[in-house]
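A quick write-up on the structure given underneath.
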2 protein chains.
Amino acid sequence: MDVRQRLAANLRRLRQERELSQEQFAFEAGIHRTYVSDLERGMRNPTINVVEKLALYFEVPIGALLD
Amino acid sequence: MDVRQRLAANLRRLRQERELSQEQFAFEAGIHRTYVSDLERGMRNPTINVVEKLALYFEVPIGALLD
DNA sequence: CTGTGACTGGGAGTCCGTG
DNA sequence: GCACGGACTCCCAGTCACA
């Protein structure tokens, strides 16, 4: 299981726990909706800036998304 | 303190704890020497792939580098 | 040994749309 | 609501010469 897949799984789980659509989440987190879709499918290799945005939005440490 | 600076500090600390030069470390971790220099100065915004390489080399969770 | 400016190819990230 | 595609811009990955 590589980093991208771990991020994908954690991201989808956290988003669904808060009952948000990809579009709502993308908008509120300041990321493009198609990019969120790609991330949740493990199709992208994001920079740490983007991962930080996600972590800040969910109010979890970055390790909770990547480890 | 943003993510890049935290990574920079953690990276330099871990490398120095192991008493490695940037060149030694870069070679052994499979990263270019000047890229390591940039990372330790917070001049780059790396992707999670690169950060994973660092974490694997140091045998620490990714969160230990970014959180 | 390390910092820095410059360079190129490829990929990060965005925006349009479709079923 | 989501997956997926094409097209676009800009920045990152990776390297080099030099101080």
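Chain naming here is simple, since letters A, B, ... match the order of the sequence lines and numbering starts at 1 in each.
At a non-hydrogen distance threshold of 4.0 Å, nothing from residues 60-67 of chain A comes into contact with DNA chain D.
Looking at heavy-atom distances under 4.0 Å, N49(B) makes no contact with the nucleic acid at all. Residue-level contact check: V50(A) touches the backbone only, with heavy atoms under 4.0 Å from sugar-phosphate atoms and none from bases. The residue S37(B) sits close to a base: some heavy atom pair falls under 4.0 Å. R4(B) comes within contact range of no nucleotide atom at all, as no heavy-atom separation falls under 4.0 Å. Residue Q22(B) is classed as a sugar-phosphate contact, given heavy-atom separations below 4.0 Å to backbone atoms only.
Among the nucleotides dT2(C), dC12(D), dT14(C), the one closest to any side-chain atom of I31(A) is dT14(C). Considering only the side chain of Y35(B), dT15(D) comes nearest among dG3(C), dG13(C), dT15(D). Closest approach to the N45(B) side chain among dC1(C), dA13(D), dC12(D) is made by dC12(D) (side chain taken as heavy atoms from C-beta onward). Taking the side chain of T47(B) as heavy atoms from C-beta on, and the options dC12(D), dG13(C), dC1(C), the nearest nucleotide is dC12(D).
Remark: H32(A) is not in phosphate contact with dG13(C), judged by side-chain N or O atoms under 4.0 Å from OP1 or OP2. An OP1 or OP2 oxygen of dG1(D) is reached within less than 4.0 angstrom by no side-chain nitrogen or oxygen of Q24(A). For R41(A) and dC4(D), the shortest distance from a side-chain N or O to OP1 or OP2 is below 4.0 Å. Remark: R15(A) is in phosphate contact with dC2(D), judged by side-chain N or O atoms under 4.0 Å from OP1 or OP2.
Neither L7(B) nor M43(B) shares a network with the other; the hydrophobic side chains, linked directly or stepwise wherever heavy atoms of I, L, V, M, F, W or Y lie under 4.5 Å apart, form separate groups for each.
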Inset, instruction - Could you check E52(A) against R6(B) for side-chain contact (heavy atoms from CB on, under 4.5 Å), going step by step and ending with a plain yes or no? - result: CA-CA 12 Å; E52(A) 189 185 32; R6(B) 291 201 300 277; 3.7 Å; yes
Legend entry - Stepwise side-chain contact (heavy atoms from CB on, under 4.5 Å) check, L14(B) with Y57(B): CA-CA 11 Å; L14(B) 284 166; Y57(B) 178 83; over 6 Å; no
Inset, instruction - Take K53(B) and I48(B) through the test side-chain contact (heavy atoms from CB on, under 4.5 Å) and record every step on the way to the result. - result: CA-CA 9 Å; K53(B) 271 196 197 177; I48(B) 59 178; over 6 Å; no
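Comparing the axis of the opening five pairs of the helix from dT2(C)-dA19(D) to dG19(C)-dC2(D) with that of the closing five pairs yields an angle of 40°, rounded to 10°.
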Give each protein N/O atom lying under 3.5 Å from an N/O atom of nucleotides 5-8 of chain D, with the pair distance.
none

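Whole-Å rounding puts the I48(B) CD1 to dC12(D) P distance at 15 Å. Regarding E23(A), its CD atom lies at a distance of 11 Å from the P atom of dA3(D), rounded to whole Å. Counting to the nearest Å, the C1' atom of dA13(D) and the CG atom of L7(B) are 15 Å from each other. Here the C1' atom of nucleotide dC12(D) and the CG atom of L39(B) are 11 Å apart, to the nearest Å. For the pair L11(A) CG and dA3(D) C1', the computed distance is 15 Å after rounding to whole Å. For F25(A) and dC2(D), the CZ to P distance is 11 Å, given to the nearest whole Å.
Heavy-atom neighbours of E17(A) CD from other residues, nucleotides or ligands within 6.0 Å: above the threshold of 12.
Of the two residues near DNA chain D, D38(B) and M43(B), the one whose nearest nucleotide lies more 5' is M43(B).
In this structure, the side chains of L39(B) and V50(B) come closer than 4.5 Å at one or more pairs of heavy atoms. Taking 4.5 Å as the limit, some side-chain heavy atom of L54(B) sits within range of a side-chain heavy atom of I31(B). Under the 4.5 Å side-chain criterion, counting only non-hydrogen atoms from C-beta, P46(A) is not in contact with T47(B).
With hydrogens and angles ignored, no donor-acceptor pair under 3.5 angstrom links the side chain of R33(B) to the base of dG14(D).
The closest donor-acceptor contact from the side chain of R18(B) to the backbone of F58(B) lies under 3.5 Å. In this structure, N10(A) contributes its side chain and R13(A) its backbone to no donor-acceptor pair below 3.5 Å. A donor-acceptor pair under 3.5 Å is absent between the side-chain atoms of R44(B) and the main chain of D38(B), judged by distance alone.
Ion pairing between E28(A) and R15(A) fails under the 4.0 Å rule for side-chain N and carboxylate O. Ion pair E40(A)/R4(A) not flagged as a salt bridge, since none of the NZ, NE, NH1 or NH2 atoms sits closer than 4.0 Å to an Asp/Glu carboxylate oxygen.
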